[in-house]
Amino acid sequence: MKTKMFKTCIAFLISISYCFGCGGGYDWRTYGNLFGPEVLSDGLYADYFVSPPYCDFCNDQVQETNLVEWQKQFPQIKDIENFREVLYNASYQQLQDLSNSNNPFASNAFAQLLLTPSLKNELEYILFAKSCEKFAVINSDDEQPNNDQMIALAAATKTLVTQALEQMKSVENVFIKQRYLFQAVRMNFYGGYNEDGIALVDEFNEALGSKESIYYRILAYKAGAMKLLGKKAEADLLFARIFNESDALRNLAYINFLRLNDEDNSWDQIVEIAKTPQDKASIWMLKNLYVNTVTLEALTNVYKNEVNSSKLELLTLKYLNDIESSIFIPYLEKSVPLDSLSLTYGAEDTWDKHGLVKVTEDNWWQRFWKGIVNFFRKLFGMKPVSQQDKNVNAWLAQNGVYDADVKPAAESNTIMDFKKFIEEVSQNEFVKNKQLYKTVYAYLNIMTQNYQEANDLLEEAKVLNANGNIALTEQIDYLLVLNETMYSTLNSSLETKILKYLVVPIDPENSYASYRRNLLLNELARRYLQNNDILHATYALSFSSNNNLLASALIDWYMTIEELEQLIEASASPQTELEKYWISGFYSKDQLLEIKGIKYTRMGMFTQAEPIFSTLQSKGYFKEKSQEESDDVAINTSFEFTPYPNKPSDLQYFTHPTFNKEIIKLLNAKDYLKVANGLYYSQYVNYSKTLWDGGLLFALNQTNYPGSYPFNIASFATEFHNRKLSFTKQYCTQYLASTYYNKAFEQETNKENKAQCLYLTKLALEKSYVSYYEQGNWQDGLPIFENLQKNYSDTKFYQEASYNCAYLKDFLKNQVSN
């Protein structure tokens with residue numbers, strides 16, 4: 001019986017050499033996980049670990065399997081390419097003319113063998129299959145044939161079905177007989193005779209007995225016909241069976257499973273009609289692969305039906321990876337919630353005049369009262385959260401900086417439920433791959449901070465896997481080191497173990513290996529920071545590809561001159577093998593000395609910076625650097641005083657050494673006003689390209705993600721924040737200029753000039769980058785205008801400035817309104 005063919009295209013195998021449709025998308029999360037597919041006990045389902053297969057890949061698998069099966073029929077032909085040329089590349093006309101001595105297949109061993117009279121049936125079948133090719137096409141919606149064409153297509157395919165059945169009955173070879181059945185079923189499908197095609201499969205396919213790939217290709221056409229007839233649950237169950245039993249068609253079955261079912265809610269029907277354990281396990285796996293999100297319900301159902309299934313291994317690791325990506329790693333990487341809004345925006349009551357957090361001590365009565373309050377809060381489970389804390393957490397969450405809902409893994413019901421499940425699996429006496437599940441269970445214990453239990457489980461898994469999967473052994477060894485890094489005392493023995501995972505070259509194509517290395521480095525750096533070991537934390541972070549920018553921040557923002565000197569000394573004289581490894585890829589001594597000189601420059605300590613730059617210059621250090629790395633700085637060579645500074649036209653570029661020398665000359669003359677004017681125009685005098693690449697400095701300065709408040713260590717984050725403010729001010733040469741304008745103001749005796757110096761001090765502060773990146777953190781400028789108004793309003797300069805300067809006019813307007 002002929003039925004109407006759907007216009008909707010389905011992903012389905014429609015010829016010997018053509019596959020229509022495409023696979024699923026790319027799962028980015030899987031590339032940020034410890035467990036990769038190499039730890040599976042076999043590679044049966046490895047294709048589904050990262051992303052679903054694409055349809056052209058399915059077609060390749062079917063083709064290759066078909067060629068191998070033909071070669072088994074003719075083992076005397078060793079080169080499989082002979083079969084490919086005849087079966088997939090040759091045209092119908094070329095194969096009809098094989099007996100012609102000038103045919104293009106005169107050197108093809110399979111083509112010449114087909115001329116043997118005893119192989120007449122094989123050649124006739126191949127010619128018949130070629131004649132069916134042009135009808136094995138599903139048209140897209142905009143290419144649908146008209147009614148007359150549909151009638152002609154149906155008639156042609158029905159004729160071919162009749163011929164195929166006649167030939168099938170006339171030949172004895174089961175290999176050829178089943179392929180004629182395949183062509184008959186296929187032509188029924190494309191002609192729209194779906195019920196007829198299903199009847200042929202039911203009548204002949206099982207009876208033929210052979211279950212090579214052609215058997216499952218016939219079943220696939222039956223499943224496709226069933227979908228077009230609306231029997232979607234039955235069709236998907238058949239695809240699940242193909243997925244479970246056929247290596248060649250597994251990807252094809254996955255692609256077609258649940259297709260066209262998005263609005264039909266047929267899943268419950270599939271569950272109801274699935275009877276065998278294999279079918280039940282397959283449908284649960286396929287559903288999870290289809291939506292690309294594994295559920296504990298699916299794991300439980302696969303476990304109940306196929307306790308030793310490779311399906312369970314794959315779904316377990318995918319579920320673990322989801323948990324790692326969505327719960328564990330976000331917790332490790334979350335920013336520290338700042339104590340109050342003031343730490344970000346600078347409420348007056350918590351900041352001193354330099355923008356640093358005030359440290360205040362409670363008196364006896366305050367401590368007593370807080371003790372009482374905290375006792376009752378603890379008794380009734382109340383967590384003290386101030387309104388300011390609520391405000392800052394809400395702001396941070398809104399801006400993607402800090403997720404207030406990110407909790408430790410031990411507080412996650414998802415992880416705890418998964419732990420119970422994996423614990424049961426790992427203890428099941430019928431599970432053959434206990435070592436994998438014990439390793440997973442150990443990692444879950446690391447997530448939930450049960451470090452000793454994790455260590456014991458990993459040791460058990462290592463013994464069980466002594467003669468097993470090498471990749472799993474390596475994973476177990478790695479987890480043992482990661483576990484020890486996260487909780488035990490850092491010592492030379494542990495550092496030696498860690499070094500093993502750092503010195504091995506990392507394959508850039510192996511994202512799992514790179515991720516493992518970075519996680520180990522980041523956790524090592526966290527432990528160093530907890531111990532206030534900034535030096536070694538800087539080393540570790542500099543080798544972490546996703547946190548090396550933070551290493552630069554530690555050197556440039558966080559380290560004092562004394563701490564930098566310790567780093568220079570340690571880099572010159574490494575004490576351990578790990579330290580030797582660190583310095584092998586770290587900044588050179590000369591680079592660190594240059595950074596030290598720039599730090600002095602940033603602090604206005606030009607005389608201290610000068611000998612450092614002179615030493616480096618005498619060694620040819622600056623000549624060796626490329627033009628882009630020369631750290632040129634622009635300054636106003638005239639250093640002339642201007643009442644209302646505008647960018648001068650006579651800028652000249654100096655290196656750091658020559659700049660310091662020019663500044664020192666002026667310092668010797670105590671001409672602070674000229675120094676201030678020079679600094680006012682020298683935006684990049686404090687810039688080190690050794691550490692920063694332009695905008696990266698400002699990107700870190702504007703954000704509070706782990707690059708600026710790292711590793712969930714509250715005390716370190718607060719100190720880092722304070723030092724960052726200090727750095728931000730020092731980096732801005734306008735801020736440094738304001739200090740020299742103020743020195744000029746203090747030494748000046750002329751009232752008009754004092755008014756100018758006072759005004760310029762405030763103007764430099766307004767132009768400072770600090771005002772852009774740390775709004776409201778300090779109010780240094782306000783007292784300056786107050787002083788100018790109160791004590792210098794009678795000067796000619798004040799009268800001109802109050803008329804011309806927008807900043808001063810706004811200040812005076814606010815004074816009147818208040």
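As the structure is a prediction and not an experimental result, all values here were calculated from the model.
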Arg516 vs Tyr501, side-chain contact (heavy atoms from CB on, under 4.5 Å): CA-CA, chis, key distance, verdict: CA-CA 9 Å; Arg516 292 169 191 144; Tyr501 294 95; over 6 Å; no
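- The ring-ring contact (aromatic ring centres under 6.0 Å, His included) search around Phe204 returns none, not counting sequence neighbours.
- With sequence neighbours excluded, the residues that form a ring-ring contact (aromatic ring centres under 6.0 Å, His included) with Phe74 are Phe110.
- To the nearest 0.5 Å, atoms CG (Leu181) and CZ (Arg217) are separated by 12.5 Å.
- In the displayed structure, Gln76 atom CD is contacted under 6.0 Å by more than 12 heavy atoms of other residues, nucleotides or ligands.
- Between Leu87 and Lys130, the closest heavy-atom pair is O-NZ, 2.9 Å.
- No donor-acceptor contact under 3.5 angstrom links the side chains of Glu212 and Asn66, judged on distance only.
- Below 30°, between 30° and 60°, or above 60°: for Trp267 and Trp284 the angle between ring planes is above 60°, a perpendicular geometry.
- Looking at Gln475, its side chain does come within 3.5 Å of a backbone N or O of Leu34 through a donor-acceptor pair.
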Asp196/Val161 under side-chain contact (heavy atoms from CB on, under 4.5 Å): CA gap, chis, key distance, verdict: CA-CA 10 Å; Asp196 293 351; Val161 169; over 6 Å; no
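- The salt bridge (charged side-chain N to carboxylate O under 4.0 Å, His left out) contacts involving residues 72-81 comprise Glu81-Arg84, where partners must be two or more places apart or lie in separate chains.
- Rounding to the nearest 0.5 Å places CG of Asn244 at 7.0 Å from CG of Asp279.
- Applying the 6.0 Å contact sphere to NZ of Lys231 captures no more than 12 heavy atoms from other residues, nucleotides or ligands.
- Scored by the ring-ring contact (aromatic ring centres under 6.0 Å, His included) test, Phe421 finds Tyr303 as partners (sequence neighbours excluded).
- When Gln178, Glu245, Glu206 are each tested for a side chain to side chain donor-acceptor pair (under 3.5 Å) with Tyr215, only one passes: Glu206.
- Shown here is Lys177, whose NZ atom has more than 12 heavy atoms of other residues, nucleotides or ligands within 6.0 Å.
- Looking at Gln435 and Asn433, their side chains come closer than 4.5 Å, going by heavy atoms from C-beta outward.
- Applying the salt bridge (charged side-chain N to carboxylate O under 4.0 Å, His left out) criterion to Glu306, with sequence neighbours excluded, gives Lys311.
- Residue Ile476 holds its CD1 atom at 8.0 Å from CG of Leu479, rounded to the nearest 0.5 Å.
- Atom OG1 of Thr439 is separated from atom CG of Leu458 by 6.0 Å, given to the nearest 0.5 angstrom.
- Scored by the side-chain hydrogen bond (donor to acceptor under 3.5 Å, both in side chains) test, Tyr581 finds Arg517 as partners (sequence neighbours excluded).
- For the pair Ser310 and Leu40, the minimum side-chain heavy-atom distance is 4.5 Å or more.
- To the nearest 0.5 angstrom, Ile255 atom CD1 is 11.5 Å from Leu286 atom CG.
- Applying the ring-ring contact (aromatic ring centres under 6.0 Å, His included) criterion to Tyr180, with sequence neighbours excluded, gives Tyr125, Phe128.
- Applying the side chain to side chain contact (heavy atoms under 4.5 Å, CB included) rule to Ala253 yields the partners Phe239, Ile242, Phe243; only residues at least two apart in sequence or on another chain are considered.
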Worked verdict on Leu299 versus Phe418 for side-chain contact (heavy atoms from CB on, under 4.5 Å): CA-CA 10 Å; Leu299 280 169; Phe418 186 45; 3.7 Å; yes
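- Between Tyr221 and Ile218, the closest side-chain pair of non-hydrogen atoms is not below 4.5 Å.
- Looking at residues two or more places apart in sequence or on another chain, you find a salt bridge (charged side-chain N to carboxylate O under 4.0 Å, His left out) between Glu69 and Arg179.
- The backbone N or O of Gln93 lies less than 3.5 Å from no partner atom in the side chain of Asp97, so there is not a single donor-acceptor pair.
- Checking Tyr254 against Asp47 by side-chain atom types alone, no donor-acceptor pair falls below 3.5 Å.
- Looking at residues two or more places apart in sequence or on another chain, you find a salt bridge (charged side-chain N to carboxylate O under 4.0 Å, His left out) between Arg250 and Asp247.
- Residues Ala274 and Lys280 share a closest heavy-atom pair of O-CE, 3.2 Å.
- Considering only residues two or more places apart in sequence or on other chains, Asp202 meets the salt bridge (charged side-chain N to carboxylate O under 4.0 Å, His left out) condition with Lys222.
- Leu315 and Met285 make their closest contact through CD1-CA, 4.0 Å (heavy atoms, listed as atom of the first residue, atom of the second, distance).
- A side-chain donor from one of Ser325 and Asn33 sits under 3.5 Å from a side-chain acceptor of the other.
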Residue pair Asn173, Gln73: steps toward the side-chain contact (heavy atoms from CB on, under 4.5 Å) verdict: CA-CA 11 Å; Asn173 186 335; Gln73 297 295 310; 4.1 Å; yes
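- Remark: Leu317 CG to Tyr437 OH distance equals 8.0 Å, nearest 0.5 Å.
- For the residue pair Gln96 / Tyr92, a side-chain donor-acceptor distance below 3.5 Å is found, with atom types taken as modelled.
- Among all heavy-atom pairs drawn from Leu312 and Val307, the shortest one is CD2-O, 3.8 Å.
- The main-chain N or O of Leu98 is found under 3.5 Å from a side-chain atom of Asn103 such that the two form a donor-acceptor pair.
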Residue pair Glu313, Lys432: steps toward the salt bridge (Lys or Arg N to Asp or Glu O under 4.0 Å) verdict: CA-CA 11 Å; Glu313 288 185 26; Lys432 63 181 180 182; over 6 Å; no
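- Smallest separation of non-hydrogen atoms from Phe135 and Thr157: CB-CG2, 4.0 Å.
- Counting heavy atoms from C-beta outward, Asn288 and Tyr319 have side chains that stay 4.5 Å or more apart.
- Open room surrounds CG on Asn467; 12 or fewer heavy atoms of other groups in view lie less than 6.0 Å from it.
- Listed here is the closest heavy atom pair of Leu95 and Ile126: CD1-CG2, 3.6 Å.
- For Gln278 (side chain) and Arg241 (main-chain N/O), no donor-acceptor pair under 3.5 Å exists by modelled atom type.
- Contact annotation: the side chain of Ile273 approaches that of Glu234 to within less than 4.5 Å [non-hydrogen atoms, C-beta and beyond].
- Judged by distance alone, with hydrogens and angles left aside, the side-chain atoms of Thr116 form no donor-acceptor pair with the main-chain N or O of Leu119 at under 3.5 Å.
- Residue-environment remark: CD1 (Ile470) stays at or below the threshold of 12 foreign heavy atoms within 6.0 Å.
- Side-chain atoms of Asn465 come within 3.5 Å of backbone atoms of Asn469 as a donor-acceptor pair (strictly under, hydrogens ignored).
- Under the rule for a side-chain hydrogen bond (donor to acceptor under 3.5 Å, both in side chains), the partners of Asn108 that lie at least two apart in sequence or sit in another chain are Glu85.
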